[in-house]
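Below: one structure, written as structure tokens.
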Amino acid sequence: MKLATWNVNSLTVRLPQVLDWLQHPTEALASAPDVLVLQETKTTDDKFPHQAFTDAGYHAQWFGQKTYNGVALLSRTPATDVVRNIPGFEDDMARVIAATVDGVRVIGAYFPNGQAPESDKFVYKMRWLEALQAWVHEQLKQYPQLVLMGDFNITVDDRDVWDPVALAGTIHCTDEERAHFQQLIELGLHDAYRLFEQPEKTYSWWDYREFAFRRNRGLRIDHILISDALKSQVQSCIIDKAPRKNERPSDHAPVIVTLDNTTTHSSPSS
DNA sequence: ATGCCTCAGCTCCTGAGA
């Protein structure tokens with residue numbers, strides 16, 4: 001089972017690239033994912049291009065809004081028990097979509113940016129992170145096989161930052177944000193990317209400005225966390241930089257995890 | 001240099017992203 005996350009920065013603009021990626025997998029992707037969660041669709045639900053995904057062989061669940069935010073979950077097989085946003089947490093932004101696919105609980109999330117430490121948006125980010133953690137804690141009890149993935153807007157450590165000295169303490173790199181990330185890990189989750197040896201200076205986001213991609217000045221802020229119950233099944237986790245080289249690319253690259261759980265539902269019971 | 005790109009929207013500027 002292959003799962004992926006991609007912040008597309010407007011699905012209206014990026015739909016052709018997403019469809020192309022699904023239907024003509026890049027070398028890194030190798031084969032089409034079974035699940036893809038999208039962030040920053042920036043489109044209202046009435047305008048979500050569900051037919052295009054149906055035609056591409058995917059079931060779609062979506063939760064959007066005008067101008068900002070917006071998330072979606074695409075799956076080869078039908079998604080069940082769909083949840084939009086964090087239950088019990090009042091939020092006027094569309095940031096979370098969760099569903100069960102082939103026995104795996106998938107949570108796709110667009111974490112708040114936070115703008116700057118001590119800003120109102122940072123306070124909101126911290127509140128949101130606390131609510132997420134409490135909810136994921138409950139979800140894990142109900143669904144031990146769980147994947148939490150999306151645009152976290154948090155670097156895990158200095159390896160995820162192109163210039164950790166210059167960017168120390170700035171948004172995405174603060175101790176508070178990283179402490180929240182570690183609290184998620186302590187629920188029984190693993191940063192799938194770091195379960196494997198990875199090349200140095202690998203990022204998932206590069207600023208559009210100053211030729212940041214060409215100079216590899218980026219951050220790793222898009223993550224896939226997998227639960228204890230899935231850890232032994234993780235085969236690989238990679239970032240696919242190829243779509244970032246497209247014309248009019250998203251500023252984020254997709255992240256992909258492959259699980260060897262294909263026998264979960266088909267193994268004989270002997 | 002509170003900017004550099006990119007996107008959306010009450011669109012020819014502004015706010016937000018990260």
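Chain letters run A, B, ... following the sequence lines, proteins first and then strands; every chain starts at 1. What you are looking at is a predicted structure, and each value in this text was computed from that prediction instead of being measured.
The gap from the C1' atom of dC4(B) to that of dG9(B) amounts to 23 Å, rounded to the nearest Å. If you take atom C1' in dC12(B) and the same atom in dT2(B), they sit 23 Å apart, rounded to whole Å. Straight-line distance between the P atoms of dT6(B) and dC10(B): roughly 23 Å, to the nearest whole Å. Remark: the separation of the P atoms in dC13(B) and dA1(B) is 24 Å, to the nearest Å. Look at the P atom in both dG15(B) and dT11(B): the space between them is 14 Å, to the nearest Å.
In summary, the side chains of Y208(A) and N9(A) do present a donor paired with an acceptor at a separation below 3.5 Å, with no hydrogens or angles considered.
Comparing R209(A) and P112(A) along DNA chain B, the residue whose closest nucleotide (by nearest heavy atom) sits nearer the 5' end is R209(A). Residues T67(A) and L219(A) each lie close to DNA chain B; by heavy-atom proximity, the contact nearer the 5' end of the strand is made by T67(A).
Residues passing the salt bridge (charged side-chain N to carboxylate O under 4.0 Å, His left out) test with E138(A) are K141(A), sequence neighbours excluded. Taking the ring pair (Phe, Tyr, Trp, His ring centres under 6.0 Å) definition, one finds that Y110(A) meets it with nothing, sequence neighbours left out.
Among the atoms of the strands shown, only primed sugar atoms or phosphate atoms (P, OP1, OP2) are found under 4.0 Å from some heavy atom of K121(A). Across all strands shown, R14(A) has heavy atoms under 4.0 Å from sugar-phosphate atoms exclusively, and none from any base. The residue D151(A) sits close only to the backbone: its heavy atoms come under 4.0 Å of sugar-phosphate atoms, none of a base. Within 4.0 Å (heavy atoms only), N7(A) reaches sugar-phosphate atoms of the nucleic acid but no base atom. Within the nucleic acid shown, Y110(A) comes within 4.0 Å of sugar-phosphate atoms alone, with no base atom in reach, counting heavy atoms only. Counting non-hydrogen atoms under 4.0 angstrom, N113(A) reaches a base of the nucleic acid.
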Can you give the donor-acceptor pairs under 3.5 Å from side chains of residues 183-192 of chain A to other protein atoms, not counting sequence neighbours?
from, atom 1, to, atom 2, distance (Å)
H190(A), NE2, D228(A), OD1, 2.5
D191(A), OD1, Y193(A), N, 3.3
D191(A), OD1, R220(A), NH1, 3.4
D191(A), OD2, R220(A), NH2, 2.7

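Screening residues 193-203 of chain A for salt bridge (Lys or Arg N to Asp or Glu O under 4.0 Å) gives D160(A)-R194(A) as the qualifying pairs, with residues at least two apart or on separate chains. Identified under the salt bridge (Lys or Arg N to Asp or Glu O under 4.0 Å) test for residues 232-247 of chain A, with sequence neighbours left out: none.
From the 5' end on, the contacts that DNA chain B makes with chain A at under 4.0 Å to a non-hydrogen atom open and close at dC4(B) to dA18(B).
Checked by atom type and distance alone, the side chain of S227(A) pairs as donor or acceptor with a backbone atom of P144(A) at under 3.5 Å.
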